[in-house]
Amino acid sequence: MTAAEPPFAQVRWCVLGRTAGGAVEALDLADGAGSVTLSKEEFPGWIAEREAGGAPRWVWSDTASWLPPLLTAGVRVERCHDLRLSHAILQRSELVRDPAPLRAAVEWEAGATAPAEPTSAPMLFELEDPAESTRSVPHGVDAALAEFARQRAALAAAHAPARLQLLLAAESAGAIVAAELEAAGVPWDAAEHDRLLRETLGPRPATGEKPARMVEVGAEVRAALGDPRASLDSPPKLLRALRAAGVDVGSTSRWELAEHEHPVIAPLLHYKKLARLFTANGWAWIDEWVRDGRYRPVYVPGGVVTGRWASSGGGALQLPRQLRTALRADPGWTLITADVAQLEPRVLAAMAGDRAMAAAGSGTDLYAGVVASGAVATRDEAKIAVLGAMYGSTTGDSGRLVPRLRRSFPAAMRLVDHAAEVGEQGGVVSTWLGRSSPEPGPEWRELQARASLPSATSRDEERARRAAREYGRFTRNFVVQGTAAEWALAWLAELRLRLAEIDPGPVAAPASGPVFERRPHLVFFLHDEIIVHAPVERAEAAAEAVRAAAITAGRRLFGEIPVDFPLDLRISERSGKG
DNA sequence: CAAGGTTGCGCG
DNA sequence: AAAGCGCGCAACCTTG
């Protein structure tokens, strides 16, 4: 059992910085001794020694620039404090009473630094065009100490320091997980992927050519249109061709096409499906993103305003379900795939302290519980209503069903309705742990101001109202999506520590790579889903760690409450169905 | 012809 | 043109 987040003052902090010459300066805040200077070569070994003897919490500028070289050197760290990510949270958090000092430190408002490329020559590139490279946060030890002092002061005076501290710890742990995921890579069966592509599209075509199956289906579409030269890949041209053939659509999107009956519809939808697979996840994708049996996408922790991760390269967050069968364990290893059933409504029930909604979620299917509560008649209706409540639906089936939830789950509905009201008035809302929403921009404010002027037209008023509602839907969803992201970070953070405690045993180690890969380790994360790669003999232990971490995550955030977070968990060689 | 915007679809 | 949130990416198309 991992200990809960200790009080700030009891953590052993060790601040790291880089010198201009590439050496590392380390300052242990606990022992009062001066700083130590380490050469690039000494650095990983020095970190490893300290990790072995009561790991401190490393305070560093940016996990994405510090951790990859350590992982390459075979050194794993237990915990860190990521100054860049913490800065982003604190300078905007409503819980921070005086954000001015943080906001004044504008040098800390920068994107992640790409890890140093050991093989290429990034230095030359930078010298050629320094403005070209993305701005990075400061990496020196003095800048780190100054920023860390600002952050500690902000936390010490914050409204709910324990929550914010948990958030910063979870966010930082997420940054470690992202670096480890990138180092480990997703075990990917390129041959299976290729087989799937051939089966669906035909043999790999020459560069610039379309696969045979796309050509065939395209011909069927043109025949049905009665236009042998119709362009299928340009939406405006396709739209004109469809209308000429008598299909009265306003766009060429799938959902709208599906509503019409015409011989062209079926082959066209088929063509679009093939085109998507070919362009987004075809052979070119394999060439670019899969090497030596590993798919290595790029994650961006904290990349979404709500606190969700984003991705930048490789499209990890859009991997089609269709391709999951190519996600395959190494020989002697297996995959543990787990996702949380209805994470967001469960998080909402917990935040709102809504006993009725908690009761609805007491089984494994919250939507079935909503039906049982009598609010709606079917599971489909329950799903539409619950999603509509969190997204702010006002029309259609969803808008019609939401009011029924208001009667059955008043506390939960009050919470999201209130978040929406605040947003409509241009205010700020916060997640459970204190990540706050951005304020609406100047354009939004002007729109609102113009609508309240005596000279305002009804058009001005309508536009302002629409913009206000739109922002309200954003803040409504922000509190739920953002708190769900916090739960997921806590799950990840807890899980990686538990996995590291599992005795690896006599396993067939991957031939090379970071040491943590010889133990059960995370290989994939997608909002509410994780995949762990584990030696077959350790699959049960790893699965138990996944379950236990989910329970701990709920307790860390919400304490002892009657809301649980049940997992759908499978152990199998391939991640896809079957 | 490079940059930026739009469309459509993949994921949660 | 998703009724209703948050994203990334490829291709097409316009703009300068």
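Computed from heavy atoms alone, side chains included, the values below leave out hydrogens, waters and symmetry copies. Below, chain A is the first sequence line, B the second, and so on; all start at residue 1.
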**Q.** Short N-O contact, A:Arg328 and A:Glu192, less than 4.0 angstrom
**A.** no
Q.
Check this for me: does any side-chain nitrogen of one of A:Arg465 and A:Glu462 sit under 4.0 Å from a carboxylate oxygen of the other?
A. yes
Integer-rounded Å distance: [N] [atom2] and [X] [atom1]:
X	N	atom1	atom2	result
A:Asp397	C:dG4	CG	P	12 Å
A:Arg308	C:dG6	CZ	C1'	5 Å
A:Asp287	C:dA10	CG	P	13 Å
A:Arg469	C:dA3	CZ	C1'	14 Å
A:Tyr271	B:dG8	OH	P	15 Å
A:Leu277	C:dA10	CG	P	14 Å
A:Gln481	C:dC5	CD	C1'	6 Å
A:Asn281	B:dG8	CG	C1'	15 Å

Would you say [X] reaches [N]'s phosphate, i.e. side-chain N/O to OP1/OP2 under 4.0 Å?
X	N	answer
A:Lys237	C:dC12	no
A:Thr394	C:dG4	yes
A:Thr306	C:dC5	no
A:Thr395	C:dG4	yes
A:Lys273	B:dC9	no
A:Arg321	B:dG12	yes

Q) Would a line drawn from the ring center of A:Phe558 to the ring center of A:Trp432 be shorter than 6.0 Å? A) yes
Same-atom distance ([atom1]) from [N] to [M], integer angstrom:
N	M	atom1	answer
B:dG12	C:dG4	P	22 Å
C:dA3	B:dG5	P	23 Å
C:dA1	B:dT7	P	6 Å

Q | A:Trp283 and A:Phe278 aromatic ring geometry - parallel, tilted or perpendicular at 30°/60° bounds | A | perpendicular
What nucleotide among [options] has an atom nearest to a side-chain atom of [X]?
X	options	value
A:Gln318	C:dC12, B:dG10, C:dG6	B:dG10
A:Tyr391	C:dG8, C:dA1, B:dG12	B:dG12
A:Pro320	C:dC12, B:dC11, C:dC5	B:dC11
A:Pro235	C:dC7, C:dC12, C:dA11	C:dC12
A:Thr252	C:dC5, B:dG12, B:dG8	B:dG8
A:Ala310	C:dG4, C:dC12, C:dC7	C:dC7
A:Asn477	C:dA1, C:dG6, C:dC9	C:dG6

Q: Ignoring hydrogens and angles, state whether a donor on the side chain of A:Thr483 or A:Thr431 is under 3.5 Å from an acceptor on the partner side chain.
A: no
Q. Is C:dG4 paired to anything, Watson-Crick or G-U wobble with both distances less than 3.5 Å, and if yes, which nucleotide?
A. none
(Q) Just to verify, which of A:Val304, A:Leu492, A:Val300, A:Leu526 counts as forming a side-chain contact (heavy atoms from CB on, under 4.5 Å) with A:Trp309? (A) A:Leu492
Q. Within the modelled atom types, does a donor on one side and an acceptor on the other bring the side chain of A:Arg473 and the base of C:dC5 under 3.5 Å apart?
A. no
Q) Is the base of B:dG8 touched by the side chain of A:Arg254 through a donor-acceptor pair closer than 3.5 angstrom? A) no
Q.
Under 4.0 Å, heavy atoms only, any strand: does A:Val305 hit a base, just the sugar-phosphate, or nothing?
A. sugar-phosphate
Q: Would you mind classifying the nucleic acid contact of A:Ser311 as base, sugar-phosphate or nothing, using non-hydrogen atoms under 4.0 angstrom?
A: sugar-phosphate
**Q.** Which residue lies more 5' along DNA chain C, comparing A:Phe278 with A:Glu259 via nearest heavy atoms
**A.** A:Glu259
Q) Does A:Gly313 or A:Ser231 map to a spot on DNA chain C nearer the 5' end, using the closest nucleotide for each? A) A:Gly313
Q: Calculate, to the nearest 0.5 Å, the distance between atoms CG and CG belonging to A:Leu567 and A:Asp339 respectively.
A: 8.0 Å
